[in-house]
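For the numbers below, each heavy atom of this structure counts, side chains included, while hydrogens, waters and symmetry mates do not.
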Amino acid sequence: MTAAPAGHAPPTTPPASTGRTTEMVLLGFAVAIVTVALIIVELAQGDPLTWEVAKFVAAFAAMCAVAHTVVRYFAPYADPLLLPAVAALNGLGLVMIHRLDLGSARSDELLKETERTHNADQQLLWMFIGILLFALTVALLRDHRALSRYAYTLGLGGLVFLAIPAILPSSMSEINGSKIWIRAGFFNIQPGEFSKILIIVFTASFLVSRRDLFTTAGKQFAGIDFPRARDLGPLIAAWAIAVGVLAFESDLGTSLLIFVTVLTMLYVATGRASWLMLGITLFALAAVVAYQLFFHLQMRVAVWRDPFEQYDTYGYQVAQSMFGFATGGMFGTGLGSGRPNIVPFANTDFILTSFGEEVGLVGLTAIILIYLILVIRGLRTAIAVRDSFGKLLAAGLSFTIVFQLFVVFGGVSKLIPLTGLTTPFLAYGGSSLLANYLLLALLIRISNAAREPDAPKRRPKRSVDAMATQAVQRR
């Protein structure tokens, strides 16, 4: 190995691949899948191919191109699989929502004839706003660590968002028995979707600033290190927030999601199993008390135990969901060839049932694998990023996605009681879609920091005293 010539800097390591070409190819693949799926739906419904299909394909492809361009210029080293995975999920959700719109006007697919809905057009609009929010976040938030400086303000904002529906009158906040909405004329918004992200940001910052206290102080019992009573504030606060949401808003899903996410981040930050034990104990106590106090929780447990006992009332949704899964079997009835509209809320809470009926267990497994790719890449980002705040934030955001998927799929398949959460990126709904695109933007920003190569170090200039002298022959 020869030394570099005098006066020349040593060659630097070539920059790592940004992965943007891979991302572009995978986005093109997602657009192709969505295009083929839309054509299959139209043909299965017996409708001629119209400009409506071209509208959906062109709009979806344009939004993917915009998102890719923003990532290419503002986060060039971001993980190349995050955006394509979300695009595939969002596109497939759009296909199913459009399919349900087509079936809403067919008497042979419904128990009673209704007018055709146009939810896919509304979802397309929410997708556009979500991409715009995503682009602004990636472009303006150049360093995710800047969020930690406003952690307490963001945490307070998250609590305010959670409290607003509880203090509003039922006419302005209640839909289907849950006071979790803000109903403002021509649109409805669910502030709890944004609260979960703000609370995750606050929790990550708070745990980083107090992690030494949580990991070093405490007492040992039965060979397990337990935290001191005065250090239980974060866990007690999360538990109190969850119970408050459940009591005043009748929203089991959001309360469970917030508590479990904070508990998981506590465990990731400290590595102590005692936090999990204390959290599970608190959850069990709250669950027993809530079951005794709240009628809607008793009904959900009763439906979970036997939905057919109350088939004509509370158990109808879950029973029809099970019928849908059974009808789909292994390979499904085919896109556009089932009767998913029979299940209430087929495009929101039960959209996984709609997919299960028409693409079967195989297709549903493929969708779940896309989610797992998204979560695994998010957790990989949490491992790779250098700062502790980014690690906890990426882990919390990734866990939120996988826990929502578990709760939704467990509820519609009768594995656990139904909670009412929506499937991220897949289900119809503006609040959920906007919040999840904000979540994706944060993951993109953190992954860019994790994969960005270090700036090449400049070779220090040699002082005059250290330079070698040589004799020059006089001419």
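For the pair Arg445 (side chain) and Ala75 (backbone), a donor-acceptor distance under 3.5 Å is absent. In this structure a side-chain-to-backbone donor-acceptor pair under 3.5 Å is missing from Asn90 to Val86. Under a 3.5 Å cut-off, the side chain of Arg300 and the backbone N or O of Thr419 do form a donor-acceptor pair. In this structure a side-chain-to-backbone donor-acceptor pair under 3.5 Å is present from Tyr371 to Pro424. Of the possible polar contacts, one joining the Glu358 side chain to the Gly338 backbone as a donor-acceptor pair under 3.5 Å is found. The closest donor-acceptor contact from the side chain of Ser205 to the backbone of Phe202 lies at 3.5 Å or more, if one exists at all. The backbone N or O of Val262 sits nowhere less than 3.5 Å from a side-chain atom of Thr203 that would complete a donor-acceptor pair. Side-chain N or O atoms of Asp143 include none that pairs as donor or acceptor with a backbone N or O of Ala146 at under 3.5 Å.
Not a single side-chain hydrogen bond (donor to acceptor under 3.5 Å, both in side chains) links Gln123 to another residue, sequence neighbours left out. Under the ring-ring contact (aromatic ring centres under 6.0 Å, His included) criterion, Phe399 pairs with Phe403, not counting sequence neighbours. Residues satisfying the ring-ring contact (aromatic ring centres under 6.0 Å, His included) test with Phe56, not counting sequence neighbours, are His98.
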| query | Passes side chain to side chain contact (heavy atoms under 4.5 Å, CB included), Leu27 versus Val31? Steps please. | reply | CA-CA 6 Å; Leu27 284 173; Val31 172; 5.6 Å; no
| task | Show your reasoning for whether side chain to side chain contact (heavy atoms under 4.5 Å, CB included) applies to Thr422 and Asp349. | result | CA-CA 5 Å; Thr422 56; Asp349 296 4; 4.1 Å; yes
| query | Where do Leu38 and Leu94 land on the side chain to side chain contact (heavy atoms under 4.5 Å, CB included) test, with the steps shown first? | reply | CA-CA 9 Å; Leu38 283 170; Leu94 182 65; 5.8 Å; no
| task | For Ile197 and Phe194, run side chain to side chain contact (heavy atoms under 4.5 Å, CB included): C-alpha distance rounded to whole Å, both residues' side-chain angles, the deciding distance at 0.1 Å, then the answer. | result | CA-CA 5 Å; Ile197 298 178; Phe194 301 93; 5.6 Å; no
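Ring-plane geometry between Phe409 and Phe325 is classed as perpendicular, the angle between the planes exceeding 60 degrees on a 0 to 90 degree scale with a lower cut at 30.
Using a 3.5 Å distance cut-off with no hydrogens or angles, the side chains of Thr353 and Ser321 do pair a donor with an acceptor. Judged purely by distance below 3.5 Å, without hydrogens or angles, the side chains of Asn448 and His144 never pair a donor atom with an acceptor atom.
The closest side-chain heavy-atom distance from Val303 to Lys414 is not below 4.5 Å.
Within a 6.0 Å sphere centred on CZ of Arg380, heavy atoms belonging to other residues, nucleotides or ligands number 12 at most.
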